[in-house]
Protein chains: 2
Amino acid sequence: MRIVYDVLRDEILSLDLPPGSAIDEAGLAERFGMSRTPIREALVRLAGEGLIETLPNRSTIVSPLDFLNMRPYFDALVLMYRVTTKLAAQRHRAADLEVIHAWQAEFAAAVQAQDALAMIATNAAFHLAVAEAGRNPYFTALFKRLLDEGRRILRLYYQSYDDQLPQRFVDEHDAIIAAVAARNGAEADQLARVHGEQVVDQVQMLLAGGMRLDLAL
Amino acid sequence: MRIVYDVLRDEILSLDLPPGSAIDEAGLAERFGMSRTPIREALVRLAGEGLIETLPNRSTIVSPLDFLNMRPYFDALVLMYRVTTKLAAQRHRAADLEVIHAWQAEFAAAVQAQDALAMIATNAAFHLAVAEAGRNPYFTALFKRLLDEGRRILRLYYQSYDDQLPQRFVDEHDAIIAAVAARNGAEADQLARVHGEQVVDQVQMLLAGGMRLDLAL
DNA sequence: TGCATTTTTCTTGTCGACAAGAAGAATGCA
DNA sequence: TGCATTCTTCTTGTCGACAAGAAAAATGCA
């Protein structure tokens, strides 16, 4: 059922269900007050998105986070930052900008309030709104998946600022909005690249250092 | 069950199940000699990949092909051609080149034999092998999905050559292999771009023209 | 006691049957 | 006859129970 899928997905992405933990169908069935059949359908969907891994005839577990080879993840993330922003500059319509502005306002508010969880959510929503304006469902879908996967990783990132994200990020978002509004694809691309690489560098520095402790979330 | 998923997937991509046609669970259950439960699981997986669309409490149909807005599809395809080839140049290992060479040989043979279906399959396998050498599962997954989706579209393309693909494509593959082997990322990127855009231009010419007839496949 | 083998016990995978919901057919009324 | 409403019929969604398979426990033998 839809509900089961949504709840489990959120619990996985928020690390309520820690990576590697086992998933018990019968238990979930009891918890949600329904039969195992709809539970299994939700699990199949989650497996399709790579959020859980199902060992045949054996247990199914929440997909582990692989902190060793994150290079591919970051490469993909930065490229999607770039391409979706560039496309937004080229293909956006007036109404799109309103949505983007709205999310940027919420993001700024979250930064102001030093609310880490809200920052993660609104930042993702901001960039997704930009991606939507680019009108390429293939890129948007991959980007969404990367941002979701990132919810499990980026949390470390925000913690490195002690729940305090620099104002600079808000400014960069504003610059991106300006480039998109001006339909300047090259500029939008460049800004998105810098914006993305900044996140990546920071997280990699964290991982290179002794940030192992936080993984026990 | 795995088998059902594979068979249905192939029938959809090969247009044996035409876009828009209805899918009957009970019928499939009888055909595969099993209960509806495993059938449904296969359908959920297919829906997750966008190959079928399921109207709640109503019928489920094979996803229609949208020939009007294919721009996003082509944009994504060309970008994935480029980025996977470039990464292959940067990250491949010796063993990867052997696999790539093997598929290129099969592709050349298919062109020689003027076997359109084999061309489609081996061309996709060739580019996927290149993508695998790039070692970015996010890009590879999207690329695979685009190539699969392309099996339903590209067929038109190959028909435009009357099942006779120019030798030029084989040569371009060779050039790509050379750039990858030389670890020349920029060159690989450029070659992949031209290669991809060529396919796109050709298909778009077909669609602009009166190629509507073939859609009744 | 140590190891191989059997048995038990879970978990997952599959089944047949029933419930729910929607589209279309049939009916009744003006 | 035309239209709204009820009823039928089909398809999908869910259920509880059973089958299959794997890990763990127990047993037997040296």
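To find a chain, count down the sequence lines: A is the first, B the second, and so on, and within it residues start at 1.
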Helical bend (five base pairs per end, nearest 10°) for the helix from dT1(C)-dA30(D) to dA30(C)-dT1(D):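 The value is 20°.
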- Counting only heavy atoms not in E30(B), do more than 12 sit closer than 6.0 Å to its CD atom?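 No - once you tally the heavy atoms of other residues, nucleotides and ligands closer than 6.0 Å, there are 12 at most.
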TODO: Taking atom CZ of R2(B) as the centre, report whether more than 12 heavy atoms of other residues, nucleotides or ligands fall under 6.0 Å from it.
DONE: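 Atom CZ in R2(B) is not crowded, with 12 or fewer foreign heavy atoms closer than 6.0 Å.
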Between Y73(A) and Y138(B), what is the ring plane arrangement, given parallel below 30°, perpendicular above 60°, and tilted in between?
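Ring orientation of Y73(A) relative to Y138(B): perpendicular.
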Give me the ring orientation class for F126(A) and H173(A): parallel if the planes are under 30° apart, tilted from 30 to 60°, perpendicular past 60°.
->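 F126(A) vs H173(A) ring planes: parallel.
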Would you tabulate the nitrogen or oxygen pairs shorter than 3.5 Å linking the protein to nucleotides 7-12 of chain C?
| residue | atom | partner | partner atom | Å |
| --- | --- | --- | --- | --- |
| dT12(C) | OP1 | I23(A) | O | 3.3 |

Using whole Å, what does the distance between atom [atom2] of nucleotide [N] and atom [atom1] of [X] come to?
X      : N       : atom1 : atom2 : result
I39(B) : dG13(C) : CD1   : P     : 16 Å
M34(B) : dA19(D) : CE    : P     : 18 Å
I3(B)  : dG13(C) : CD1   : P     : 15 Å

Point to revise | Residue pair T122(A) / V111(A), side-chain heavy-atom distance below 4.5 Å | key: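 The answer is no; the side chains never approach within 4.5 Å.
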For the residue pair F143(B) and H127(B), what are the closest heavy atoms and their distance?
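Heavy-atom minimum between the residues: CE2-O, 3.6 Å.
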Exercise for the section: May I ask you to decide whether D75(B) forms a salt bridge with R91(A), counting only side-chain N to carboxylate O separations under 4.0 Å? Expected result: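 Looking at D75(B) and R91(A), the cut-off is met.
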Exercise. Side chain to side chain donor-acceptor pair (under 3.5 Å) with Q112(B): which residues, sequence neighbours excluded?
Worked result: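 Residues passing side chain to side chain donor-acceptor pair (under 3.5 Å) with Q112(B): none at all.
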